[in-house]
Structures are given as structure tokens and as C-alpha cells.
Amino acid sequence: MTDTRDSTRIDDALLEAARSLDAADPLHAHLAAFADAPGVGAYLDGNSLGRPLRDTPEKLAAFVRDDWGTRLIRSWDEQWMALPMELGDRIGSLTLGAAAGQTVVADSTSVLIYKLMRAAATADPTRTELVIEAGNFPTDRFMAEGVAAETGMTVRWIEPDPVLGVRIADVVAVISDKTALVSLSHVDYRSGALADMPGITDAVHQVGALMMWDLCHSAGIIPMQLDAWGVDMAVGCTYKYLNGGPGSPAFAYLRREHQGTLRQPIQGWWSAADIFAMGPEYVPAGDIRQLLSGTPPVTSMVAMQGMLDLIEQASIEAVRAKAVSLTDFAVRAYDELLAPLDVRLLSPRDAELRGGHVTIGHPDFRAVTQRLWADGIIPDFRFPDGIRLGLSPLSTSHVETLTGVLAVRDALESHDR
Ligand SMILES: *Cc1c(COP(=O)(O)O)cnc(C)c1O
């Protein structure tokens, strides 16, 4: 064990480094846009639930008072009918590299995954296989298995390196002219590994299959070019890095050229060509509205709008640069404070291969996390023994990151005794 004087020197040097990184951070002033959380010393779980903005309570109150309370049902015509498409376009242009008319806000990620997977699975009857990753988020795997059971398709599994995530060779090894769809996460929810979206999409297209990306852990922190990279479809959450609040609806991207051919299965009145025709038979809308099903959750679309404004001011490229800086600093703090305590690094070291969180592992982390949460230090525990340090760039500082890592170190040391 390091003696106390050494360890104080390391702590001081890290603190000085964190302060100077914060001083040089062009986005530092945006921290003030987020609501205070009394008693919280470090919030390192913005990758699971983004923080509210300082003005979110007033925006929600105004929504109830004015848009709903005073305009009443007139608000549907005045603004709410178009909101799923308008917000989709904003997410598309600010974060996805998607031209208007291809992104919509609706449902949950799980439901949108089902809609798009089912549509892709039945697009070409000669293709009978769905390709997914064994370590992907449970809902993605469960949906693929459900769609396969419904349609008589076979699921082919990719088993990638747990730290580096899915690479092109892993995909190429399992795809063929039987593949209907490959569905992967852009950023791995466990390791934070960032997949090569253009490279993998290209490889999938070479065998004539469709490519779907789950953007839950990348939307709002990593610039993308869905249009330019030829991505067929994508889904993502708005309550993680888009700060929409618990249960805020998801978004889906469907490339324009597929909007006339793919058919999603939950055909409700909101996806009909003429919503108010109330006619005898279903004719799908020709535009992106075809992905909707029922009445959208308008109340849950209020909070994310403030975060989109903030991303617009900051620019997604600057947000990404800060994500790199925060995660690089977290890895440095890990090396100096946690590696000596036999904590494992479970994320890629190379920032180019990493999203917005850093995952570390130790057998005592379940107990350590409980203790930290009670003390107002809030990282994320992942079964069986991982802690994710989720560093939402607009709401997290380098000093806060260090506070979290120091607290993990202290909790581990006192747990050991
Ligand atoms: C968070 C997350 C989801 C969440 O799905 P919901 O339907 O919103 O609960 C799905 N996929 C991935 C990869 C996630 O990280």
C-alpha cells in the first residue's frame, strides 16, 4: 500500500490537473444550466438518467398552465400533432447527421426496436437470419428473439471482445446472403466501446442486409452521419444524454428510401395516411409518421427540448471533445488511484474507441456502490461487479469526476479493512 504522504501527493496532483482542465473547458459555463442536487457530491450516472435543467420545473409548469390548461384541446392543432416529427428533425440535425423527415419521437426504445426489427425481418422473404450481439442490452436481445419466434427466423449471435466490443471482422464472420438485419449498439452499455458505424454498416450492405443501430449511449454525445454513412434504421433513448426525464419517449430514424417499402407492425391511427379519415381500412402514411402508433406522450417531450437547445449552443462536436477529455481524465485517475487496489479497467483505453462512460471492476463494487449512493456519490452499478462512471459532458466537470473516483478509492480501502 502507498503511504499516506504519497497518496496525498497523488490526490493533490490530480486535483490540480482536474482544476486546470475545468478552467480550460469551453463548455464549463454550461454546468450552471443544470438544477442543483443538494447532498449530491458527484453525479456519475447521467448516462442512465440525465439531470434536469434548472428551468425544467418552470417549463413543465408553463406547459400545464398554458399549453394544456388554457389552450386545452386546441394545442393539438396548434403544436402537438407535429411535435413527434419536429423533435425528431431536431434530434436528427443536431446529433444524428440526418436530414429532415427521417426521425420521429415516439414510444420507448424497446417498442421502436420491435417495430423496426419486425419491419426489416419481413422485408425480403429469401433472408432468414437476424444478427445480434450476445452482450447487447437485454431489450435488444429479447426483441430479436421475439421477432425471430414470430417470423420463423434464426438469430445469429456475435460474441465480441468484452472490452473492445463488436468489430468489423466479428460481423463479417456471421453475415451472408441469408442475413436480413444486423442490429448493434453504437456504444456498448457495459464497456463503453464505440463501434465503427460507417465501417460495419458498409460491410453489412455488401451482403445486401439492412443495418440498425441502437444509439441509446451515443445520442447527444457522439456526432454521427446516419445519412452519409448509409444507415438504414436507428433507435435511441432521450432520457440518457438527451435529459428528457424518466420515461421520456424514444426516437427512431428510418432512411427515406425505406419509408415506402418497410412496414412496421403496430399500425395505429397515428401512422395512417389520413389520421382523421377514420376510414374502413388502414393505409400507412407515406412519410416518417408511419412509425407512430397511438397518441404521443406530449408531457414527456417537454424537458428534452431544453437539452436540445443546450446541445445546439454547445455543438455536438464540442460535446464529444469534452466526453473525450472527461473519460481520458477518468482513466488517468483510475490508473493512479484504483489500479493499485486491483480494480480492473473494463473500457477501451483509446478515447477514439470509447463513448461517454468508463467502466471499472472489482468484486467489492456492489457493497461499495451502496455505500457511495448513501453518501451522495452516484455512479452506476452493473452486475456482477462493475461500476460505470457515466460522464455526461454538459453536466459534469473534471473535479466532479475526480471526487467520484476518490470516493470509490476511499470506500474500497475502508471496505478492505
Ligand atoms: C437504456 C437502453 C435501452 C432502454 O430501452 P427502454 O425501452 O427505453 O427501456 C435500450 N437499449 C440500450 C442499448 C440501452 O442502453
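Values below: every heavy atom of this structure, side chains too, minus hydrogens, waters and symmetry copies. Order of listing sets the numbers, starting from 1, for every ligand and every atom in it. On a predicted model such as this, the values are computed, not experimentally measured, just so you know.
Listed by number with element, the atoms of ligand 1 under 4.0 Å from a non-hydrogen atom of Asp140 are 10 (C), 11 (N), 12 (C), 13 (C). For ligand 1, the atoms closer than 4.0 angstrom to any heavy atom of Ser108 are 7 (O). Those atoms of ligand 1 that come under 4.0 Å of a heavy atom in Ser185, given as number and element, are 13 (C). In summary, the atoms of ligand 1 found under 4.0 Å from a heavy atom of Thr109, numbered by their order in the structure, are 5 (O), 6 (P), 7 (O), 8 (O), 10 (C). Close approach of ligand 1 to Asp214 (heavy-atom distance below 4.0 Å) involves ligand atoms 10 (C), 11 (N), 12 (C), 13 (C). Atoms of ligand 1 found under 4.0 Å from any heavy atom of His217, numbered from 1 in the order shown, are 15 (O). Atom numbering of ligand 1 starts at 1 in the shown order; those under 4.0 Å from a heavy atom of Thr139 are 10 (C).
In terms of protein heavy-atom proximity, atom 15 (O) of ligand 1 is nearest to Lys240 NZ, 2.6 Å. For atom 7 (O) of ligand 1, the closest heavy atom belonging to the protein is Ser110 OG, 2.6 Å.
A donor-acceptor pair shorter than 3.5 Å cannot be found between the side chains of Thr154 and Lys178. Side-chain contact, Arg51 with Ser395: no donor N or O sits under 3.5 Å from an acceptor N or O. Between Asp67 and Ser75, the side chains place no donor N or O within less than 3.5 Å of an acceptor N or O (distance only, hydrogens not considered).
Judged by distance alone, the side chain of Ser325 and the main-chain N or O of Ala321 form no donor-acceptor pair under 3.5 Å. With Gln290 contributing its side chain and Gln259 its backbone, the two residues share a donor-acceptor pair below 3.5 Å.
The aromatic rings of Trp76 and Trp80 lie perpendicular to each other, with more than 60° between the two planes, well past the 30° mark. Relative ring orientation between Phe276 and Trp269 is described as perpendicular, the plane-to-plane angle rising above 60° on a 0-90° scale split at 30° and 60°.
Within the 4.0 Å heavy-atom cutoff, Ala250 does not count among the residues contacting ligand 1.
Among Phe137, Trp213, Tyr239, the residue whose heavy atom lies closest to atom 8 (O) of ligand 1 is Tyr239.
Taking 4.5 Å as the limit, some side-chain heavy atom of Met307 sits within range of a side-chain heavy atom of Leu394.
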